Amino acid sequence: IGYRVVGQLATRDPHIVVVETDPKEEFSSVLEKYEIPIIIGDARRDDVLEKAGVRNARTILALTNDDLVNIEVALNARELNPSIKVVLRMFDEHLAARIERAFDFQAVFSTTALAAPSFAAAVWNQKILTSVAVGDAHLHLARFEVSPGSGLVGLTIALVEARHAVNVLLHQREGQKDLLPAAGNVIGPHDAVWLVGGIEAIDAFDLLAGGKRERRWHSRRFSDVHSDDARAVLSRQIEAHYDQMGDALERGERYESRAKARALALLDARAGHVVLEVGVGTGGLLARVVSRVGGGGRVIGIDVAESLLRRARSKLESPDQAGKNGVTLVRGTAVRIPLKDESVDRVLTTYVLDLLEEEDVLIALAEMRRVLKPGGLVVCAGLTSRGASLAGQVVASGLALARKIRPLWTGGCRPLDLEPLARRAGLRVVTREVVEQKGRASEVVCCAR
């Protein structure tokens with residue numbers, strides 16, 4: 001164990017000294033490779049510790065296979081250097097915890113306790129590489145290759161994590177390994193993914209990666225995020241609802257105008273910028289964006305409702321907008337933005353994400369991050385309850401309940417907490433503000449890539 005630890009440390013820290021009573025020939029190559037000095041002697045002796053430079057050392061690791069020797073080495077080193085960090089190897093898990101508390105050592109590890117989850121997990125699933133105990137739970141690191149017929153193909157990292165309760169640590173595609181991959185990365189056939197999760201999640205993922213269909217229990221409620229069919233039906237109903245609303249959509253301005261104005265201010269759209277608005281509605285906010293970017297900029301607006309896009313086009317063609325150019329309006333959705341990677345400077349979306357289920361919100365935010373240039377901004381506004389006044393929280397609770405009973409009563413919207421979702425999608429939250437208007441609380445979140 002000691003020599004393996006040295007091999008790990010040496011790749012990042014050249015200032016290592018090894019003390020050994022009986023050096024093994026098979027491990028000498030590790031020391032020679034990294035030019036690590038070795039001192040032959042008993043590390044319990046003060047003169048040996050002095051020779052190793054313990055008084056100026058940052059950390060001492062006592063890693064012999066004798067618990068009492070390790071404790072004595074650590075105590076002697078602490079006497080010579082009271083500020084030294086102590087890391088111990090112990091056999092007995094319970095003794096390790098007591099030693100750590102009693103002597104204020106920074107880390108005392110039981111090798112048997114560390115190894116046990118990995119041995120047990122190897123019985124459960126052969127894809128598991130290693131395991132670790134976290135409190136009373138166990139997390140497992142596993143590697144999967146995605147078969148061409150897998151249901152994972154075409155999904156983003158954000159959707160995979162949200163749907164399967166796992167965290168993807170590494171994504172390999174076409175020979176390239178992406179550590180801590182972006183939420184918008186799309187999984188393809190023959191890709192490999194390394195992920196962390198509980199044993200149930202690992203087992204379910206194993207079946208799906210191999211091309212087998214996972215079993216799901218479907219609820220009849222539209223609000224059940226595990227029912228893909230129900231979500232698709234609700235999405236079509238909401239789309240049709242807004243397609244029919246037309247100019248009536250602007251009645252929502254009495255609850256939203258202040259938050260929209262604040263979102264526009266935080267967007268900081270400037271001359272020459274390429275700006276994307278997701279969910280343009282009737283184009284009221286879009287026209288104000290156009291006036292800010294000027295003739296040298298470009299504005300792109302998308303919406304799911306063709307009737308709203310027609311109204312937005314008519315506003316942009318009105319006399320006060322004469323001479324403006326560089327405006328593109330297309331039909332599209334927040335979860336599949338029809339733009340290239342890193343193609344826009346700013347993304348604006350207001351009262352769109354609160355229409356989506358949580359996993360689709362993650363996908364949408366990941367899509368916005370994908371099309372955003374490095375250093376660009378994403379500004380989102382929508383209903384919320386966090387940080388609202390008592391009256392605002394009561395209204396938000398009512399909207400949430402109404403949506404569960406009958407989604408179209410609220411136009412499909414309900415309060416969200418966008419800040420943690422934005423972080424999960426790989427965005428850096430710059431600011432979050434709560435704006436209340438006529439009893440409704442909205443959040444305005446500004447994020448950077």
Side-chain angles (χ1 to χ4, degrees), residues 242 245-334 337-340 342-354 364 367-369 371-382 418 427 430-433 435 437 442-449:
Y242 283 96
M245 282 191 72
D247 292 329
L249 183 65
E250 296 183 357
R251 290 200 298 263
E253 288 293 305
R254 55 186 166 179
Y255 306 108
E256 303 168 356
S257 59
R258 293 178 187 171
K260 287 184 176 180
R262 188 61 189 142
L264 191 60
L266 291 174
L267 188 69
D268 191 27
R270 303 177 185 178
H273 274 167
V274 178
V275 180
L276 166 68
E277 185 181 2
V278 179
V280 297
T282 58
L285 206 55
L286 187 73
R288 295 158 68 182
V289 174
V290 171
S291 67
R292 295 193 176 207
V293 301
R298 184 180 172 214
V299 179
I300 306 161
I302 65 172
D303 204 289
V304 296
E306 183 59 42
S307 66
L308 297 182
L309 288 174
R310 286 196 298 270
R311 285 169 172 81
R313 289 189 185 97
S314 66
K315 280 189 178 180
L316 293 173
E317 293 166 0
S318 61
D320 63 324
Q321 290 292 329
K324 301 293 184 182
N325 53 25
V327 181
T328 303
L329 295 178
V330 295
R331 192 170 185 180
T333 68
I337 297 174
L339 295 178
K340 295 180 180 179
E342 301 181 3
S343 57
V344 302
D345 300 286
R346 299 286 190 269
V347 179
L348 174 66
T349 184
T350 59
Y351 301 95
V352 171
L353 298 180
D354 51 14
E367 276 286 272
M368 294 176 196
R369 182 187 183 279
V371 301
L372 190 66
K373 295 177 182 178
L377 296 177
V378 173
V379 179
C380 312
L418 285 174
L427 292 166
V430 177
T431 185
R432 178 187 185 269
E433 302 178 7
V435 179
Q437 188 172 358
S442 299
E443 63 178 339
V444 182
V445 181
C446 178
C447 307
R449 176 171 177 176

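Every value quoted in this text rests on a predicted model; they were computed, and no experiment measured them.
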From the list I300, D303, V280, side-chain contact (heavy atoms from CB on, under 4.5 Å) partner of L286 resolves to V280

Less than 3.5 Å apart, any donor N or O on the side chain of Q437 or S257 sitting next to an acceptor on the other?
yes

Residue pairs involving residues 275-287 (criterion salt bridge (Lys or Arg N to Asp or Glu O under 4.0 Å); sequence neighbours excluded)
none

Distance check, rounded to the nearest 0.5 Å: E256 atom CD versus R254 atom CZ?
10.5 Å

Against M368, only a single residue in T349, L339, V344, V379 fulfils side-chain contact (heavy atoms from CB on, under 4.5 Å); can you say which?
T349

For a quick test of reading the model, state the closest non-hydrogen atom pair linking G272 to D345 and the distance between them.
O-OD2, 4.4 Å

Atom CD of E433 and atom CZ of R258: how far apart are they, to the nearest 0.5 Å?
14.0 Å

Closest non-hydrogen atom pair, A259 against V444:
O-CG2, 3.7 Å

Between D354 and G382 the two heavy atoms that sit nearest each other are OD2-CA, 3.5 Å

Do you know which two heavy atoms are closest between G281 and A312, and how far apart they sit?
O-CB, 4.0 Å

Look up atom SG in C380 and atom CG in L266, then write down how far apart they are to the nearest 0.5 Å.
11.0 Å

Using 0.5 Å steps for rounding, measure from the CD1 atom of I337 to the NZ atom of K340.
16.0 Å

Show the nearest heavy-atom pair for residues V352 and V278, with the distance to one decimal.
CG2-O, 3.5 Å

Ignoring hydrogens and geometry, is there a side-chain-to-backbone donor-acceptor pair from R331 to V304 under 3.5 Å?
yes

Taking the side chain as every heavy atom from C-beta outward, state whether V274 and S343 have any atom pair closer than 4.5 Å.
no

Looking at every heavy atom in both L276 and I302, which two are closest together, and how far apart are they?
CD1-CG2, 4.3 Å

Checking side-chain contact (heavy atoms from CB on, under 4.5 Å) for the pair R292/L264: CA distance, chi angles, key distance, verdict?
CA-CA 10 Å; R292 295 193 176 207; L264 191 60; 3.8 Å; yes

Heavy atoms, side chains only, cut-off 4.5 Å: are R346 and D268 in contact?
yes

Just wondering, do R449 and E342 contact through their side chains at under 4.5 Å, heavy atoms?
yes

Interatomic distance, S442 atom OG to K260 atom NZ [nearest 0.5 angstrom]
10.0 Å

